[in-house]
Protein chains: 2
Amino acid sequence: MNVVNDSPRRRELIRVAAQLFVQEGFDRTTVRMLAQEMGIKSGSLFHHFRDKQEILCAVIEEGTHNALVIAREALEQCDGGAEARLHAMARAHLETLLTDRNAHVVALYEWRRLDEPSRDHLGHLRDAYEQLWQDVIGDALEAGLIRGDKFLVSRFVLGALNWTVRWYDPAGAYSPDALASELIGMLGAPTAATA
Amino acid sequence: MNVVNDSPRRRELIRVAAQLFVQEGFDRTTVRMLAQEMGIKSGSLFHHFRDKQEILCAVIEEGTHNALVIAREALEQCDGGAEARLHAMARAHLETLLTDRNAHVVALYEWRRLDEPSRDHLGHLRDAYEQLWQDVIGDALEAGLIRGDKFLVSRFVLGALNWTVRWYDPAGAYSPDALASELIGMLGAPTAATA
DNA sequence: CATTTACACTAGCGCTTGCTTGGTTAGCCT
DNA sequence: AGGCTAACCAAGCAAGCGCTAGTGTAAATG
């Protein structure tokens, strides 16, 4: 009953829950599964979370939060060039998609299972992240690096990047850095072909 | 018990099921919901489908099948130009994403709920569709219309297009045709900027 | 030493789920 | 008229679901 909001135990639960949600989907993952994976009984979960929804919310929140932090860091450690910033964002996105893969897959595929309040809360986080992208894309457009409408390009690029969770193999030929370069090279940037 | 494989009634069931699967998700859609929406009792569904899985499979199969047919038609009604073919594919993809929206959203977001045999069966359909894309992209690369690796570009483009189900509003400023042009214009095609 | 806190357990309630069974109805074909 | 069949219904089973109430215990805290 007495729910604690931050503890190592809770963090571990979120990690394992994310993995299960990816493997089985949110609805098919039962509280009993998660409990067994943690070596405890199902009732004990509700000491850490109010209900099952809150577990889902926590998983997505952590992933989105990390993505935002990493993106901001990547932009700060960057000289002012529009192309460098674009590359840094793409690379950061791919890297967080790898390190927090489970959380991001859950965010992408189980978003609809969130109830209204959670969706609202997490929506603001996600909006902040997308705003970052729109700023960087806007700069790249002004610098003549790419062509098109700011919002349209942002959505196309985000779509292309998010789709990578379906096929990208980190053991394959491309590193996140190389993949980011390939993406930018594909866009109509005459000077970015070999970035 | 005695399952029929093709009938108007079954087709209608598939249509309604697709809508429910989008609204509620596959797991949260109960056979009772679907039955009620059709004005029948839940047990009667199993005259048309062996089990719930088969309904999901039928929904996705119809969507993917239509996409394949429409893409082939679009390519046939096309002169041989690589750019025209690329545009025709993108436009066909966006149009089928609209007309069969429910089925495609289900295919994108509920794929994991398929059992192994269904996934295998539908996988071949999807592979055939992606092969079409790779051919068209390959031609565009050879024509110097775009840059990059054939497989990489195919995946980036498909990702960008599929992501549109998240944000595209058919009542908005862009028609599928215009959107396809914008996407191709964004790619590094010097002669395609105003296609 | 007494109390609180964090975490886990046992045991189950109340409900929903996919699916089955056995039988009925209405229309079509010969 | 008689038979066939697609379509449906009523009733319910067995299993599984999220979640709760109440209790135990070891470590931290006063």
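Numbered from 1 within each chain, the chains take letters A, B, ... in sequence-line order.
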| field | Sequence-distant partners of A:R28, side chain to side chain donor-acceptor pair (under 3.5 Å), two or more places apart | value | B:D27

| Rounded distance (Å) that lies between atom P of D:dC17 and atom CG of A:L34 | 13 Å

| query | Excluding sequence neighbours, so at least two apart, what forms salt bridge (Lys or Arg N to Asp or Glu O under 4.0 Å) with A:R15? | reply | A:E12

| field | For atom CD of A:E12 and atom P of C:dA8, their distance in whole Å | value | 11 Å

| remark: When rounded to whole Å, the CZ to P distance for the pair A:R11 and C:dC7 reads 13 Å

| request: Taking only the side-chain nitrogens and oxygens of A:H47, find out if one of them lies under 4.0 Å from OP1 or OP2 of C:dA8. | output: no

| Should B:K150 and B:E142 count as an ion pair when the cut-off is N to O under 4.0 Å? | no

| field | Between D:dA7 (P) and B:F49 (CZ): distance, integer Å | value | 11 Å

| note | To the nearest angstrom, the CE-P distance between B:M38 and D:dC8 comes to 7 Å

Distances under 3.5 Å between protein N/O atoms and the N/O atoms of nucleotides 16-19 of chain C, please, pair by pair.
unit_1, atom_1, unit_2, atom_2, d
C:dG18, OP1, B:T29, O, 3.4
C:dG18, OP1, B:K52, NZ, 2.8
C:dG18, OP2, B:V31, N, 3.1
C:dG18, N7, B:R32, NH2, 2.8
C:dG18, O6, B:R32, NH2, 2.9
C:dC19, OP2, B:K52, N, 2.7
C:dC19, N4, B:S42, OG, 3.4

| field | Side-chain N or O of B:R9 closer than 4.0 Å to phosphate OP1/OP2 of D:dC8 | value | yes

| request: Check whether any side-chain N or O of B:H48 sits under 4.0 Å from OP1 or OP2 of D:dC8, and answer yes or no. | output: yes

| request: State which residues pass salt bridge (Lys or Arg N to Asp or Glu O under 4.0 Å) with B:R72; sequence neighbours excluded, sorted by chain then number. | output: none

| field | Phosphate OP1/OP2 of D:dC9 contacted by B:S44 side-chain N/O (<4.0 Å) | value | yes

| field | Pairwise salt bridge (charged side-chain N to carboxylate O under 4.0 Å, His left out) hits with a residue in residues 167-183 of chain B, at least two apart | value | B:R91-B:D177

| task | Round to a whole Å and report the spacing from CD of B:Q36 to C1' of D:dA10. | result | 16 Å

| field | With A:A67 via side-chain contact (heavy atoms from CB on, under 4.5 Å) - residues at least two apart | value | A:T96, A:H104, A:Y129

